[in-house]
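What follows is a set of notes on a single structure, which appears directly below.
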There are 2 protein chains.
Amino acid sequence: MRGVIMHAPGDVRVEERPNPTILEPTDAIIRAAAVCICGSDLWPYRGIEELHGPTPMGHEYVGVVEEIGPDVRNVKVGDFVVGSFVASDNTCEICQAGYPSRCVHNVMMGSVGTQAELIRIPLADGTLVATPGVPDADLIPSLLAASDVLGTGWFAAVAAEAGPGKTVAVVGDGAVGLSAILAAKQLGADRIIAMSRHADRQALAREFGATDIVEERGDAGIARIKELTNGLGAHSVVEAVGTQESMEQAIGATRPGGHIGYVGVTHGVTLDGLGLFFAEVHLFGGPAPVRRFLPELIQLIWDRRIDPGRVFDLTLPLDEAAEGYRAMDERRATKVLLTV
Amino acid sequence: MRGVIMHAPGDVRVEERPNPTILEPTDAIIRAAAVCICGSDLWPYRGIEELHGPTPMGHEYVGVVEEIGPDVRNVKVGDFVVGSFVASDNTCEICQAGYPSRCVHNVMMGSVGTQAELIRIPLADGTLVATPGVPDADLIPSLLAASDVLGTGWFAAVAAEAGPGKTVAVVGDGAVGLSAILAAKQLGADRIIAMSRHADRQALAREFGATDIVEERGDAGIARIKELTNGLGAHSVVEAVGTQESMEQAIGATRPGGHIGYVGVTHGVTLDGLGLFFAEVHLFGGPAPVRRFLPELIQLIWDRRIDPGRVFDLTLPLDEAAEGYRAMDERRATKVLLTV
């Protein structure tokens, strides 16, 4: 089968790889319908994260079940399925409490590498959710988004306690930030402030439900959010970038007693304990427990009530993955879908 | 009137000070029945926090209303009252959301200095809560504890979401940590693990509701908490110290998806963003919104269902405040009550 391999920073190739096989009785093999490139795939691409030899890439996926191990009960051959970027058993105490990305048996799908024709899914019963039937082609981008960016944005909005009566500010206008806007809207937030400087992303933010746009960043951005919120700050703030500046912006933009949901991976970020103490904000984040939200998200997509697939602004065949990485690295694309 | 003045690190004197007067129509003057010395009063005493000239000390108090300003409606002369260490209007949006210590008009009582015979209370209507009647003398220590340490421990337990079905770990065995144990018990926690090395504090922890004691600290303490919780960590962790080590211990002892309530003032603490991201714990803390809890806490004390005054292990007359500071500084006392 064909699959994406990163050989070195900036060096992505689509190569022939051995077909995956059932290794554990709880595994399934799926034939990918679509996969995509994540912002986090750019870390090794840019040399920020070390590669240890040629590495299969990708952790997002939708497709059709091709084979199941003898212990798999919840999905069958021929099902169209969506799964999280973390495989989970969905039965352990941590999964049952709602945190499947921290399942005691979790397997990061990035270690499998889903940018390929065939994908081995560990813990298939816990990980995969079948759609109600074979989806129309135009639903596939949205179902794929549910695999990571939508589920992550949704988690951030839930962690920030977005809902009726709340003003929600979203720091970051990438695919996750935009998805968080969509989520905040679905969760019933009164007012949604998108922090964005890019006209195209501002437009999509408004389509997804943003009521206000703030272009300022840092202290000026915080001051603007306070101006918009009676001097108090937002009730709920989503942080979807993961830099020192974006985290400080999120903390500064939240009112005392408010909630921050952060999903930007906080590489090199340090938080000042005393500043956080006197900010008096709820802080919660981490790898999103996407699996928890999948049944609900799939149904919303199936019923065409949300269209999160709009975050994909470039679609390429799997064989042109290298161009997809370049386009995201050069910021010519927000999020790249690879058809398989 | 007599009042405590700190002149320099280690130099505490009880001196004649001018009687306070009504400055704002929303002020009240109370005659203190009892006040106390807080762990945070030791910062300037130890030279960790700078003094700017002779400074009136103290922020905890109970007493009888002696005079009220023309706009005060909720308390009257003769009422026995308890107030928080932060004065608040109890009507602003932040107060109404449950965060009166961050009231938009908040006044830190430490800036007034409550270790004195008479105390001016700003925003008396929002700040003070009258007891159902004149309390028996033996209830006064508990009512005084409600003014800060009990309310702070209670907030920490609430922030950590202590409750039925939960295992709660408490880092810190000072007056606040012990109060958090009492709170977790009242809130219905199944299991309460006190982290303590001192026999006398362990004994009080058990009386307050601790089911387990862990003497280990740091990584060994975290490992012990995990051993006690099926390898997962506690659901709820209270941090009541405020050092780098105690904060890391709290984060490490919490299961993914669990909650940390931190009330130790995090002087010089820095949190690693990436570590926090992958810990995936809810983090919430700050100056405790004690006023929110006062009506409930006063009733529990009045009904003799809780006895938080037991955290006071040394009682002295106000005139011997200097000895009280010494006893706390030298760790001969956990918490000192000053009778007035």
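Every chain is numbered from 1, with letters handed out A, B, ... down the list of sequences.
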Who in residues 221-249 of chain B is close to chain A, using a strict under-4.5 Å heavy-atom cut-off?
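Result: Asn230(B), Leu232(B), His235(B).
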Under 3.5 Å, side chain of [X] to main-chain N/O of [Y], donor-acceptor pair present?
| X | Y | value |
| --- | --- | --- |
| Gln96(B) | Asn90(B) | yes |
| Ser88(B) | Ser101(B) | no |
| Ser179(A) | Gly153(A) | no |

Which atoms of [X] are under 4.5 Å from chain A, going by heavy atoms: the side chain, the backbone, both sets, or neither?
| X | answer |
| --- | --- |
| Ala279(B) | backbone |
| Val265(B) | both |
| Tyr99(B) | side chain |
| Ile260(B) | neither |
| Val263(B) | backbone |

May I ask you to test the [X]-[Y] pair for a side-chain heavy-atom distance under 4.5 Å?
| X | Y | answer |
| --- | --- | --- |
| Glu93(A) | Arg255(B) | yes |
| Leu276(A) | Leu283(B) | yes |
| Pro289(B) | Glu280(A) | yes |
| Pro122(B) | Met109(B) | yes |
| Leu271(A) | Ile251(A) | yes |

Give the minimum heavy-atom separation between Arg191(B) and Asp212(B), together with the two atoms involved.
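Where Arg191(B) meets Asp212(B) most closely, the heavy atoms are NE-OD1, 3.1 Å.
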Greatest number of non-hydrogen atom pairs under 4.5 angstrom with chain B, of Ile94(A), Val269(A), Leu274(A), falls to Leu274(A)
